Colleague: 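Before we start, here is the structure in question, set down as structure tokens.
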Amino acid sequence: MSAAELWTSLKQLCMPVARAGLATTVLCLTTTLQSAAGAEGKSSEEGLVSVTTPQGVTILAELADTTEKRARGLMFRESLAKDRGMLFTFLEPQPWAFWMKNTRIALDIIWMDRDKKIVHVERNVPGCSRTDDGCPQYQPNDDALYALELAAGMADTLKLQRGAKLRFQTPRPLSDQRTRTSP
């Protein structure tokens with residue numbers, strides 16, 4: 001990622017949260033810089049969740065467990081290794097919709113219920129570079145508590161289909177409330 005692209009990403013992602021306070025802005029900047037570094041170099045395995053398929057294959061997934069992380073997702077990434085992904089966790093089951101705005105790579109999206117059983121797979125979802133909010137949305141017909149994004153084609157490679165069960169441990173759920181600052 002070039003310096004100009006990094007600066008544009010920082011402005012798009014962090015400036016709207018600046019009103020939330022210094023701590024939130026610093027967290028956003030740090031996370032964005034770490035994401036940019038991870039996109040270009042070998043990312044650390046620390047903080048990744050091991051997701052195991054029924055065939056015993058392990059995917060190392062970044063955890064998207066806050067509103068900000070879920071909103072950012074895999075935006076602006078140039079690639080995603082075949083053994084990596086992003087695991088989204090939600091506070092309550094529902095048919096969570098995803099879109100691919102600012103996402104440069106095609107992905108497979110796998111939704112799971114509270115038992116980590118796959119309820120829907122959306123294969124080879126293309127990235128969307130539209131500048132408006134007109135990117136298509138993708139969602140399951142059933143409620144989901146988790147979603148896993150993988151590089152396009154990996155759902156077929158790993159034989160992930162409706163009814164299969166994945167194994168992973170997530171940290172204790174975080175509160176999704178933003179830190180409030182004093183007036």
Side-chain angles (χ1 to χ4, degrees), residues 1 5-51 59-81 83-114 116 122 125 127-128 133 135 137-140 143-152 154 166 168-181:
M1 176 179 286
E5 291 173 321
L6 179 58
W7 178 246
T8 300
S9 295
L10 288 170
K11 287 193 306 189
Q12 288 176 334
L13 294 173
C14 298
M15 296 311 166
V17 299
R19 292 185 204 132
L22 181 60
T24 303
T25 303
V26 170
L27 177 63
C28 184
L29 291 170
T30 302
T31 303
T32 302
L33 290 171
Q34 288 171 341
S35 295
E40 296 198 343
K42 184 178 180 184
S43 63
S44 167
E45 293 185 15
E46 184 178 325
L48 299 179
V49 175
S50 294
V51 179
I59 299 292
L60 295 176
E62 298 172 48
L63 189 60
D65 58 352
T66 66
T67 302
E68 291 80 12
K69 288 179 185 178
R70 288 188 292 266
R72 184 178 53 253
L74 292 170
M75 287 181 175
F76 307 107
R77 304 284 179 96
E78 297 294 335
S79 64
L80 182 64
D83 67 338
R84 299 297 170 113
M86 181 167 277
L87 179 65
F88 294 76
T89 62
F90 300 98
L91 297 176
E92 60 186 53
Q94 61 180 317
W96 294 100
F98 280 63
W99 70 342
M100 301 290 284
K101 186 171 182 176
N102 297 320
T103 304
R104 298 176 178 165
I105 53 178
L107 300 171
D108 290 341
I109 307 172
I110 297 99
W111 286 267
M112 295 159 278
D113 64 14
R114 75 172 59 252
K116 303 172 186 165
E122 197 70 43
V125 177
C128 184
D133 287 342
C135 295
Q137 292 189 11
Y138 304 89
Q139 72 183 94
D143 288 347
L145 192 60
Y146 307 101
L148 178 65
E149 290 183 335
L150 301 172
M154 289 307 298
L166 301 180
F168 54 88
Q169 294 289 324
T170 57
R172 294 182 65 116
L174 296 175
S175 169
D176 229 8
Q177 298 174 1
R178 294 185 180 177
T179 305
R180 295 184 183 200
T181 57

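Predicted model, so just to flag it, every value in this text is computed and none were measured.
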Colleague: Could I get the full list of side-chain contact (heavy atoms from CB on, under 4.5 Å) partners for Ala71, not counting sequence neighbours?
Modeller: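 Residues passing side-chain contact (heavy atoms from CB on, under 4.5 Å) with Ala71: none at all.
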
Colleague: Which pair of non-hydrogen atoms, one from Glu149 and one from Leu74, has the smallest distance, and what is that distance?
Modeller: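 Shortest heavy-atom separation between Glu149 and Leu74 comes out as OE1-CD1, 3.4 Å.
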
Colleague: Output yes when a side-chain donor or acceptor of Asp108 lies under 3.5 Å from a complementary backbone atom of Met154, and no otherwise.
Modeller: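 Indeed, once roles are kept as given, a pair shorter than 3.5 Å links the two residues.
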
Colleague: CZ/Arg104 to OG/Ser79 distance, rounded to the nearest 0.5 angstrom?
Modeller: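 Rounded to the nearest 0.5 Å, the CZ-OG separation comes to 11.0 Å.
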
Colleague: Could you check whether the rings of Phe90 and Trp96 sit parallel, tilted or perpendicular, using 30° and 60° as the cut-offs?
Modeller: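 Rings of Phe90 and Trp96: parallel, under 30°.
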
Colleague: How long is the span from the CE atom in Met75 to the NZ atom in Lys101, to the nearest 0.5 Å?
Modeller: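 So the CE of Met75 and the NZ of Lys101 are separated by 7.0 Å.
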
Colleague: Working to the nearest 0.5 Å, report the span between CG of Leu107 and CG of Leu80.
Modeller: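 Here the interatomic distance stands at 6.5 Å.
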
Colleague: Give me the atom names and distance for the closest heavy-atom approach of Val125 to Met100.
Modeller: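 Heavy atoms only, the tightest pair is CG1-CG, 3.4 Å.
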
Colleague: Which atoms form the tightest heavy-atom contact between Pro140 and Pro95, and what is the distance?
Modeller: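 Distance-wise, the nearest heavy atoms are O-CB, 3.5 Å.
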
Colleague: Are the side chain of Glu122 and the backbone N or O of Ile109 linked by a donor-acceptor pair below 3.5 Å?
Modeller: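 Flag not set: sc Glu122 to bb Ile109 has no pair under 3.5 Å.
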
Colleague: Which heavy atom in Glu92 sits nearest to a heavy atom in Leu145, and how many Å separate them?
Modeller: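 Distance-wise, the nearest heavy atoms are C-CD1, 3.6 Å.
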
Colleague: List for me each residue that meets ring-ring contact (aromatic ring centres under 6.0 Å, His included) alongside Phe98, sequence neighbours excluded, and say none if there are none.
Modeller: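 Testing Phe98 for ring-ring contact (aromatic ring centres under 6.0 Å, His included), a comparison that skips the adjacent residues, returns Phe88, Trp111.
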
Colleague: State which residues pass side-chain contact (heavy atoms from CB on, under 4.5 Å) with Gln137; sequence neighbours excluded, sorted by chain then number.
Modeller: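 With sequence neighbours excluded, Gln137 shows a side-chain contact (heavy atoms from CB on, under 4.5 Å) to Ala97, Trp99, given in chain and number order.
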
Colleague: How far does CG of Leu91 sit from OG1 of Thr66, to the nearest 0.5 angstrom?
Modeller: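 Leu91 atom CG to Thr66 atom OG1 measures 10.0 Å (nearest 0.5 Å).
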
Colleague: Quickly, which of Leu166, Leu63, Leu48 forms a side-chain contact (heavy atoms from CB on, under 4.5 Å) with Leu87? Name it, please.
Modeller: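 For Leu87, the side-chain contact (heavy atoms from CB on, under 4.5 Å) test succeeds with only one of Leu166, Leu63, Leu48, which is Leu63.
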
Colleague: Give me the atom names and distance for the closest heavy-atom approach of Pro93 to Arg114.
Modeller: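 Shortest heavy-atom separation between Pro93 and Arg114 comes out as CG-NH2, 3.2 Å.
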
Colleague: Going by an N to O cut-off under 4.0 Å, is there a salt bridge joining Arg77 and Glu62?
Modeller: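 Glu62 and Arg77: salt-bridged.
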
Colleague: So which atom in Gln94 and which in Asp143 form the shortest heavy-atom distance, rounded to 0.1 Å?
Modeller: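 Closest approach of Gln94 to Asp143: CA-OD1, 3.3 Å.
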
Colleague: Which value, rounded to the nearest 0.5 Å, describes the distance between Ile59 atom CD1 and Met86 atom CE?
Modeller: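 Spacing of CD1 (Ile59) from CE (Met86) equals 14.0 Å.
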
